Q: 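This is the structure, below, for whatever I ask next.
A note on names: the letters A, B, ... follow the listed sequences, proteins ahead of strands, and every chain is numbered from 1. In what follows, every heavy atom counts, from backbone to side chain, and hydrogens, waters and symmetry copies are set aside. What you are looking at is a predicted structure, and each value in this text was computed from that prediction instead of being measured.
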Protein chains: 2
Amino acid sequence: MRDNNEMPGHLARRFQQIAVAVFLAEVEEAGFDLTPVQYATLAAIRTNPGVDQVTLAGLIAYDRTTITGVVDRLVQRGLLIRHPSPRDRRARELQITEAGKRTLRAITPAVEEAQRTMLRGLTAKEGTELMRLLRKAIAAGNELSRAPLREAELR
Amino acid sequence: MRDNNEMPGHLARRFQQIAVAVFLAEVEEAGFDLTPVQYATLAAIRTNPGVDQVTLAGLIAYDRTTITGVVDRLVQRGLLIRHPSPRDRRARELQITEAGKRTLRAITPAVEEAQRTMLRGLTAKEGTELMRLLRKAIAAGNELSRAPLREAELR
DNA sequence: TACTGATAATCAGCATGCTGATCAATATTT
DNA sequence: AAATATTGATCAGCATGCTGATTATCAGTA
């Protein structure tokens with residue numbers, strides 16, 4: 001039996017576990033209550049106003065069924081607006097509200113700090129290399145999960 | 001706003017997402033139905049028969065409240081036995097059953113294959129380096145999550 | 001145009017993974 | 001020994017994240 005420390009899957013889980021904990025701690029310290037998933041959702045919608053949920057899911061590599069609940073909670077809190085698309089009555093277009101934009105702006109320093117903290121054991125060069133290797137491994141495995149990353153298509 | 005591909009937290013989530021999908025696919029192909037968490041639990045108990053749940057949680061860096069449910073399901077399926085500790089009536093000692101051992105043995109090739117698959121985009125050297133960097137980052141952040149890795153103590 | 005297949009969103013169901021609380025039992029202090 | 005603190009397990013509650021199904025709608029074809 002291989003040692004846990006030799007299992008990429010175990011290391012992936014641990015690193016992600018720490019990344020989430022660091023994110024939540026930094027964000028809470030800044031006086032906000034937002035999960036990594038909620039943050040990514042807000043940021044993606046600000047950059048792509050009016051996206052539908054499937055496209056949004058592809059942009060940040062979420063499962064489409066997970067998005068529903070995440071968006072629900074953000075709408076409930078007044079950070080997003082969801083309305084039917086005029087072009088396709090199946091789809092819902094998503095817009096960020098002013099409160100959502102304010103939250104994003106205010107929270108950004110904490111998010112940046114969290115990204116630094118989760119690499120704090122590494123030198124700058126090692127941190128860059130870790131990110132490169134993760135990107136490369138992810139690119140090769142993109143299609144293996146149910147929620148692959150997708151480029152946005154023009155509509 | 002930083003690009004997602006420059007955010008270690010985003011990369012961590014994606015890599016973990018792919019790792020889990022690969023694990024489940026390989027294991028299912030081998031004819032089993034076991035999650036990564038369940039596998040790690042079985043393996044840790046086989047190596048440390050009679051551990052209590054808190055120690056187990058520390059060995060594989062799980063939250064103690066998560067362990068309860070995981071062990072429940074494994075006991076239900078007859079892969080584990082949970083019985084009160086004679087030394088401490090608060091604690092439950094965990095043992096792996098014969099069925100549990102058989103499952104572990106039978107599933108090992110699939111788990112090994114999954115570990116290779118999740119690094120398939122990298123050269124051997126890059127894979128080794130990725131694991132080294134993850135271990136280093138994790139060691140530095142170990143105490144930042146609610147479920148840090150803990151050495152087993154002799155009892 | 002009627003039919004067929006694909007697509008957007010949602011849902012039920014299950015398994016992590018966490019926060020914070022409770023209960024029983026043990027350990028420590030006074 | 002009595003009072004206090006700590007610890008092991010569990011629980012309720014919430015948020016991902018997935019599988020597989022359903023519903024409404026759209027797009028392409030016969």
Q: Which nucleotide wins on minimum distance to the side chain of A:R73, given the candidates D:dT10, D:dA15, D:dA9?
A: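 Out of D:dT10, D:dA15, D:dA9, the nucleotide with an atom closest to A:R73's side chain is D:dA15.
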
Q: Check this one for me: any side-chain N or O of A:Q16 less than 4.0 Å away from OP1 or OP2 of D:dT16?
A: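 For A:Q16, the contact criterion (side-chain N or O under 4.0 Å from OP1 or OP2 of D:dT16) is not met.
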
Q: Between B:R46 and B:E98, is there a side-chain N and carboxylate O pair less than 4.0 Å apart?
A: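 Judged by the 4.0 Å cut-off on N to carboxylate O distance, B:R46 and B:E98 do not form a salt bridge.
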
Q: Please determine whether salt bridge (charged side-chain N to carboxylate O under 4.0 Å, His left out) holds for the pair A:R135 and B:E6, giving the CA-CA distance in whole Å, both sets of side-chain angles, and the decisive distance to 0.1 Å.
A: CA-CA 9 Å; A:R135 276 194 298 271; B:E6 290 301 322; 3.6 Å; yes

Q: Rounded to whole Å, how long is the line connecting atom OH of B:Y62 with atom C1' of C:dA15?
A: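 Interatomic distance, OH of B:Y62 to C1' of C:dA15: 12 Å.
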
Q: Give a yes/no answer on whether the side chain of B:Q53 brings an N or O atom under 4.0 Å of OP1 or OP2 in D:dT7.
A: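 Answer is no, no contact under 4.0 Å.
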
Q: So which protein nitrogen or oxygen atoms get under 3.5 Å of nucleotides 22-24 of chain C's nitrogens or oxygens?
A:
none

Q: Are the side chains of B:N142 and A:R14 in touch, meaning some heavy atoms are under 4.5 Å apart?
A: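 Of all side-chain heavy-atom pairs linking A:R14 with B:N142, at least one is under 4.5 Å.
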
Q: Any side-chain donor-acceptor pair under 3.5 Å between A:R13 and A:Q16?
A: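 Their side chains do not contain a donor-acceptor pair, so the 3.5 Å distance test is not met.
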
Q: Between B:R82 and B:D72, is there a side-chain N and carboxylate O pair less than 4.0 Å apart?
A: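 The answer is yes: the pair qualifies as a salt bridge.
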
Q: Nearest to the side chain of A:V37, which nucleotide is it out of C:dA9, C:dC18, D:dT16?
A: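 Selected nucleotide: D:dT16.
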
Q: Establish, with yes or no, whether the OP1 or OP2 oxygen of D:dC18 is under 4.0 angstrom from a side-chain nitrogen or oxygen of A:T65.
A: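 False: A:T65 side-chain N/O out of range (4.0 Å or more) of D:dC18 OP1/OP2.
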
Q: Would you say A:R89 reaches D:dT23's phosphate, i.e. side-chain N/O to OP1/OP2 under 4.0 Å?
A: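 Result: no.
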
Q: Where the side chain of B:T66 is defined as all heavy atoms beyond and including C-beta, which of D:dA9, C:dA9, C:dG17 is the nearest nucleotide?
A: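 For the B:T66 side chain, the nearest candidate turns out to be C:dG17.
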
Q: If you check the B:T35 side chain, which of C:dA9, C:dT16, C:dG17 turns out closest?
A: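 Shortest atom-to-atom distance from the side chain points to C:dT16.
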
Q: Under 3.5 Å for both pairing distances: what stems, at least three Watson-Crick or G-U pairs long, include DNA chain D?
A: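 Output for stems: C:1-30 with D:1-30.
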
Q: Which residue lies toward the 5' end of DNA chain C, A:R92 or A:L24, if each is placed at its nearest nucleotide?
A: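 By nearest-heavy-atom nucleotide position, the 5'-most residue is A:R92.
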
Q: Looking at B:R132 and B:E126, is there a salt bridge between them, counting it only when a charged N and a carboxylate O are closer than 4.0 Å?
A: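 Salt bridge absent between B:E126 and B:R132.
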
Q: Counting heavy atoms from C-beta on, name the nucleotide in C:dC18, C:dT16, D:dT16 closest to the side chain of B:R146.
A: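 Looking only at heavy atoms from C-beta outward on B:R146, the closest nucleotide is C:dC18.
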
Q: Counting heavy atoms from C-beta on, name the nucleotide in C:dC18, C:dT10, C:dA8 closest to the side chain of A:Q17.
A: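 Looking only at side-chain atoms, A:Q17 lies closest to C:dC18.
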
Q: Can you tell which of D:dC18, C:dA8, C:dG17 lies closest to the side chain of A:A91?
A: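 The listed nucleotide nearest to A:A91's side chain is C:dA8.
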
